[in-house]
Amino acid sequence: MSVQATFAATLVDEWVHAGVTDAVVCPGSRSTPLALALAARLRVHVRLDERSAGFFAIGLAMASGAPTVLCVTSGTAAAELHPAVVEGHQGRVPLIVCTADRPPELHHVGASQTIDQVGLFTTSTRWFCDPGVPEESQAASWRPLAARAVVEARDGPLGPGPVHLNLAFREPLIGSAGPLPARPAPSLVRSRPGRAVLDQPLGGPGRLLLLGERLGWPILADPRSGCRLLGTIAAADTILRTQPPLPDTVVLLGAPWLSKVLGDYVAQVAASGGRVVCVDPWWQWTDPLAVVSEFHHVGGDAWIDAALESALPTDAAWLSTWQSYESAAQAAIERALSGELSEPSVARTLARHAATVGATIVASASMPMRDLEWFGPALPVAPAVMANRGANGIDGVVSTALGIAATGRRTCALLGDLAFLHDVSGLVNLPDVPCTFVVLDNGGGGIFSFLPQAGALEHDQFELLFGTPPRSDVGKVARGFDLDGPDVASAAEFDEALARSASAASPGLIRVRLRSRAENVALHEVINQAVRLALT
């Protein structure tokens, strides 16, 4: 009997009892005891690159709401998980990160593949434990260790997030598990249903709409909220550029929009003496503009219930005014896009397609997320939209999308050429999952063309440092990983490619050839001007 194998089997047994179903494992020797135990009991996804594996685990946990176990060997393998751990921390995604380690006698003596892994992820974890090499005398602590890892990852006071278990193993690494220690009664793991982490704590969409209708409050619905339904305000970014009247109160539910225009509008409300209320269940103090006047430390469900039961004043005319803004703005956006293929039209079309076929959109946290936020319409059924919006980087989008698709969700990933190439290692040993990558090929980093750097620098300097047009051909790179699909250059071709992808059971690519980045900036201004004219 191997004590290490019994220790690993006990951890996994307790995780299964707690409802954990999936693990992501990267090949390595030192992690052998845990890898074997995971493979015996959980659905295991093997990924070669640890950085990519971390984001694949993010996708699994994001879609399922349950903690995903992430198992890697020691050394730089552990260090490569840091970007995904940061995203999980800031995006509130539950992960149980297990890094194998060398035993104490192999530290500080020049042993191979040995680094200091204690506190490796510093402040980006909900909890850290370094239990040492398993000893039979400590068997009574194994189940509580596993149970606490689940509770800390899923139910911590700051919301879901990563926990880090640094697990030292000695050779021999292969062995058979003996009888497992008994589970304490009652179990240390609280029983609760899983939930999708990125379904922001807004309450049910129906109740939120009821609140808006009853009080006469317009609901400005972010695409990720699941509340961008008919009757809500989807074109908020373009509407607010026309400087509509200020309300006396703004209530912030869920994560902030990316729109700086909306942020400026909220700041104007605060400057005018209005109330800015932030419903903040995790006590994150989400106030980057320093304008919030009241923090309500309560869940969105409870807040909406209290508001529905309150005697707050109503103003049906205010809601009607905003709904007229929305109707006029949406008509102006349609006219401005006029059936041409562009980055805004791709986002708009993809939102409608995903709602129709029941697909989940995974958007890169750059221009794709912004185009969905600014131009995605309100629909009878809101598509699920997910993104790595914790740290808002472009890292790991390919892997996150594949992880989400691995839960069985039909997935459409919307990302630019640079984000696609940045995470190309996620395509190694491509899993057979229903995921379509819609890659916007505009020859570089499109978001930088909207920033002051674009006008302040000489063209060549801007392109070198910010535009960074890729020399690698997106189509050729994708085909090298057996990811194939059409190149499209018109709205009709894009519609046809999306329709074909709706029944595909394996990963595919739609490469969208677009106008220049400068022309895209100009188109955004055309849209904004069209809405200004429609609302004045």
Side-chain angles (χ1 to χ4, degrees), residues 2-15 18 20 23-38 42 47 50-51 53-54 57-58 61 67-89 93-154 156 161-173:
S2 164
V3 172
Q4 296 185 143
T6 308
F7 166 76
T10 303
L11 297 186
V12 175
D13 185 68
E14 193 65 22
W15 291 336
V20 176
V24 180
V25 175
C26 293
S29 175
R30 189 60 52 167
S31 52
T32 295
L34 183 59
L36 292 174
L38 291 169
L42 296 180
R47 310 303 296 157
E50 286 83 5
R51 185 202 54 79
I58 288 276
T68 295
V69 178
L70 184 55
C71 171
V72 302
T73 192
S74 63
T76 58
E80 287 181 8
L81 298 179
H82 206 158
V85 171
V86 168
E87 176 59 34
H89 165 61
V93 182
L95 300 174
I96 300 174
V97 179
C98 299
T99 56
D101 201 355
R102 260 56 179 177
E105 62 270 19
L106 292 183
H107 280 264
H108 312 295
V109 293
S112 174
Q113 214 168 337
T114 305
I115 66 172
D116 185 358
Q117 296 175 192
V118 173
L120 181 64
F121 306 122
T122 62
T123 59
S124 295
T125 55
R126 297 294 185 268
W127 181 58
F128 167 73
C129 188
D130 183 33
V133 178
E135 300 288 346
E136 190 171 5
S137 62
Q138 301 297 315
S141 69
W142 297 346
R143 285 193 184 276
L145 168 67
R148 183 175 178 181
V150 172
V151 172
E152 296 279 5
R154 192 184 59 190
V163 301
H164 177 203
L165 305 183
N166 192 58
L167 306 177
F169 295 115
R170 284 193 178 99
E171 295 183 345
L173 299 170

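Between atom CZ of residue Arg126 and atom CG of residue Leu95 there is a gap of 10.0 Å, rounded to the nearest 0.5 Å. In this structure, CD on Glu50 lies 11.5 Å from OG1 on Thr99, to the nearest 0.5 angstrom. In this structure, CZ in Arg170 is found 4.0 Å from CD in Glu105, a value given to the nearest 0.5 Å. Rounding to the nearest 0.5 Å places NE2 of His107 at 8.5 Å from CZ of Arg102.
Partner of Val3 under the side chain to side chain contact (heavy atoms under 4.5 Å, CB included) criterion, out of Glu136, Gln138, Glu135: Glu136 alone. Residue Asp116 is tested with Leu120, Val118, Thr114 for a side chain to side chain contact (heavy atoms under 4.5 Å, CB included); the sole match is Val118.
No side-chain heavy atom of Glu14 sits less than 4.5 Å from a side-chain heavy atom of Val20. Side-chain contact between Val151 and Trp127 is absent, with no heavy atoms from C-beta onward closer than 4.5 Å. Side-chain atoms of Val133 and Pro104, non-hydrogen and from C-beta on, do get closer than 4.5 Å to each other. Between Leu11 and Val69, the closest side-chain pair of non-hydrogen atoms is not below 4.5 Å. Using a 4.5 Å heavy-atom threshold, the side chains of Val163 and Val150 count as separate.
Heavy-atom minimum distance, Ala8 versus Pro33: CB-O, 3.4 Å. Heavy atoms only, all atoms of each residue included: Val93 and Ile58 are closest at CG1-O, 3.8 Å. Between Gly75 and Gln117, the shortest heavy-atom contact is N-OE1, 2.8 Å. Scanning both residues, Ala153 and Pro94, for their nearest heavy atoms gives O-CB, 3.3 Å. Across all non-hydrogen atoms, the minimal contact from Thr73 to Ser29 is OG1-N, 4.0 Å. Nearest heavy atoms, Cys98 versus Leu167: CB-CD1, 4.2 Å.
When atom types are taken as modelled, the side chain of Ser2 and the backbone of Ala5 share a donor-acceptor pair closer than 3.5 angstrom. Judged purely by atom type and a 3.5 angstrom limit, Trp15 uses its side chain to pair as donor or acceptor with the backbone of Ala146.
For Arg51, the side chain to side chain donor-acceptor pair (under 3.5 Å) criterion is met by Asp395, Asp423, Ser425, not counting sequence neighbours. Contacts of Glu87 classified as salt bridge (Lys or Arg N to Asp or Glu O under 4.0 Å), with partners at least two apart in sequence or in another chain: none.
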*Check the pair Asp13, Arg143 against side chain to side chain contact (heavy atoms under 4.5 Å, CB included), reporting the backbone distance first and the verdict last.*
CA-CA 9 Å; Asp13 185 68; Arg143 285 193 184 276; 2.8 Å; yes
*Might you work through the side chain to side chain contact (heavy atoms under 4.5 Å, CB included) test for Glu152 and Ile96, ending with a clear yes or no?*
CA-CA 9 Å; Glu152 296 279 5; Ile96 300 174; over 6 Å; no
*Verify side chain to side chain contact (heavy atoms under 4.5 Å, CB included) between Val97 and Val72, making sure each step is shown before the conclusion.*
CA-CA 8 Å; Val97 179; Val72 302; over 6 Å; no
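The aromatic rings of His82 and Phe121 sit perpendicular to each other, their planes meeting at more than 60°, with 30° as the lower class boundary.
For Ser74 and Asp101, the side-chain atoms include no donor-acceptor pair closer than 3.5 Å.
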